[in-house]
Amino acid sequence: MSNILLTETKSTGETERLGFELAKSLNPDDVVALYGELGSGKTCFVKGVARGLSLSNPVKSPSFSIINEYPGKIPLFHIDFYRLEKSAEIEDIGWMEYLDSGGIVIIEWAERVKNMLPSKRIDVYFKILGNATRRVEIIAVDGSGN
Ligand SMILES: Nc1ncnc2c1ncn2[C@@H]1O[C@H](COP(=O)(O)OP(=O)(O)OP(=O)(O)O)[C@@H](O)[C@H]1O
Ligand SMILES: [Mg+2]
């Protein structure tokens with residue numbers, strides 16, 4: 001492990017800003033795994049990443065589709081596993097084809113696919129501290145097994 005950023009945000013704007021800043025250092029084929037309870041700010045962070053990548057479509061929590069694509073210079077594939085719990089369902093939807101596709105993949109509820117994620121990735125942990133406060137920890141995992 002390397003490159004750990006631990007911070008607290010005090011508004012949605014600050015959480016978006018973190019995603020926006022992270023986007024600047026993302027490259028094609030990067031995978032960003034988001035962990036944390038309901039309402040902890042994952043989708044808010046994705047919005048910032050999308051803005052940081054200059055993607056025009058607003059990013060919404062994918063409520064009907066599990067995978068949303070946002071085309072752009074570097075496309076962003078936003079995958080949300082909230083509605084999928086069974087590993088059979090998760091394996092069925094073919095999301096792994098988006099890894100190594102030249103885009104950036106960002107995954108909500110990454111807890112549910114942790115053993116299928118590439119060992120080189122960026123993990124982002126969200127925790128609700130209060131009404132408007134969130135703890136956000138960003139860890140660049142380098143794949144060498146800590
Ligand atoms: N500092 C903060 N950062 C982000 N969101 C915040 C913050 N403070 C309050 N909020 C509120 O928390 C909620 C975060 O919603 P968001 O959809 O981003 O969560 P989520 O982690 O994607 O949840 P889900 O698991 O349901 O997809 C919003 O209602 C937002 O207004
Ligand atoms: Mg969400």
Side-chain angles (χ1 to χ4, degrees), residues 1 3-141:
M1 266 190 216
N3 276 329
I4 301 185
L5 174 83
L6 175 59
T7 189
E8 276 181 31
T9 65
K10 295 185 166 42
S11 65
T12 53
E14 286 187 23
T15 299
E16 255 198 75
R17 183 88 206 159
L18 278 180
F20 184 88
E21 294 297 333
L22 176 71
K24 291 181 187 168
S25 61
L26 291 175
N27 296 301
D29 289 336
D30 278 350
V31 175
V32 183
L34 311 180
Y35 310 86
E37 60 203 296
L38 275 173
S40 56
K42 301 180 294 295
T43 301
C44 179
F45 185 85
V46 174
K47 281 184 195 169
V49 170
R51 267 204 310 119
L53 294 171
S54 307
L55 302 174
S56 48
N57 300 43
V59 174
K60 289 178 269 159
S61 198
S63 44
F64 296 103
S65 58
I66 299 296
I67 303 171
N68 280 359
E69 178 181 351
Y70 298 88
K73 201 163 70 172
I74 304 174
L76 179 67
F77 302 105
H78 176 202
I79 308 177
D80 189 343
F81 285 114
Y82 178 60
R83 292 185 309 119
L84 296 189
E85 287 186 60
K86 300 194 195 94
S87 51
E89 288 176 328
I90 286 173
E91 280 160 30
D92 265 7
I93 62 163
W95 66 276
M96 291 186 80
E97 289 161 26
Y98 292 92
L99 306 172
D100 300 316
S101 66
I104 291 166
V105 176
I106 191 161
I107 301 170
E108 292 192 46
W109 290 92
E111 291 92 334
R112 297 188 175 169
V113 292
K114 190 135 196 200
N115 57 0
M116 293 178 243
L117 294 174
S119 54
K120 181 182 181 298
R121 61 177 190 267
I122 296 152
D123 283 337
V124 189
Y125 294 92
F126 295 85
K127 191 168 175 23
I128 298 177
L129 297 182
N131 260 352
T133 317
R134 302 290 184 267
R135 179 184 190 271
V136 186
E137 186 172 18
I138 302 177
I139 305 170
V141 185

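Read the numbers this way: they start at 1 and go in the same order the structure lists the ligands and their atoms.
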Asker: So, using side chain to side chain contact (heavy atoms under 4.5 Å, CB included) as the criterion, who are the partners of Met116 when residues are at least two apart?
Answerer: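 Scan of Met116 (side chain to side chain contact (heavy atoms under 4.5 Å, CB included), adjacent residues dropped) gives Ile90, Glu91, Trp95, Met96, Val113.
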Asker: Heavy atom to atom 22 (O) of ligand 1, shortest distance: which of Thr43, Asp80, Leu38 holds it?
Answerer: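 The residue whose heavy atom sits nearest atom 22 (O) of ligand 1 is Thr43.
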Asker: Have a look at ligand 1 and work out which part of Leu34, if any, has a heavy atom under 4.0 Å from it: side chain, backbone, both or neither.
Answerer: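 Neither part.
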Asker: Got an N, O or S from Asp80 under 2.8 Å of the Mg ion (ligand 2)?
Answerer: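 It does not; every qualifying atom lies at 2.8 Å or beyond.
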Asker: For Glu16, is the nearest heavy atom under 4.0 Å from an atom of ligand 1?
Answerer: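 Glu16: no contact with ligand 1 (<4.0 Å).
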Asker: More than 12 heavy atoms of other residues, nucleotides or ligands under 6.0 Å from OH of Tyr82: yes or no?
Answerer: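 Check fails, neighbour count at 12 or below.
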Asker: Looking only at non-hydrogen atoms, which of Lys42, Arg17, Glu108 approaches atom 27 (O) of ligand 1 most closely?
Answerer: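 Checking each option, the heavy atom nearest atom 27 (O) of ligand 1 is found in Glu108.
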Asker: Are any of the N/O atoms in Gly39 less than 3.5 Å from those in ligand 1?
Answerer: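 Yes: some nitrogen or oxygen of Gly39 is under 3.5 Å from one in ligand 1.
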Asker: Can you tell me which portion of Thr15 lies within the under-4.0 Å heavy-atom range of ligand 1? Options are side chain, backbone, both, or neither.
Answerer: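 It is the side chain that touches ligand 1; the backbone stays farther off.
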Asker: Say whether Glu14 and ligand 1 are in contact under the criterion: heavy-atom distance to a ligand atom below 4.0 Å.
Answerer: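 The answer is no, since Glu14 has no heavy atom less than 4.0 Å from ligand 1.
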Asker: Does some non-hydrogen atom of Ile128 fall short of 4.0 Å from ligand 1?
Answerer: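 For ligand 1, residue contact (heavy atoms, under 4.0 Å) with Ile128 is absent.
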Asker: My understanding is that only residues two or more places apart in sequence, or in another chain, count here; which of them pass side chain to side chain contact (heavy atoms under 4.5 Å, CB included) with Lys73?
Answerer: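 Lys73: no side chain to side chain contact (heavy atoms under 4.5 Å, CB included) contacts found.
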Asker: Strictly under 4.0 Å, does any heavy atom of Phe126 approach an atom of ligand 1?
Answerer: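 Contact absent.
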Asker: With a 4.0 Å cut-off on heavy atoms, is Ser40 touching ligand 1?
Answerer: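 Judged by the 4.0 Å heavy-atom criterion, Ser40 does count as contacting ligand 1.
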Asker: So, for Phe126 and Phe45, is the gap between ring centers shorter than 6.0 Å?
Answerer: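 Ring centres of Phe45 and Phe126 closer than 6.0 Å.
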Asker: Strictly under 2.8 Å, is the Mg ion (ligand 2) approached by any N, O or S atom of Tyr82?
Answerer: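 For Tyr82, the answer is no, given that no N, O or S atom comes within less than 2.8 Å of the Mg ion (ligand 2).
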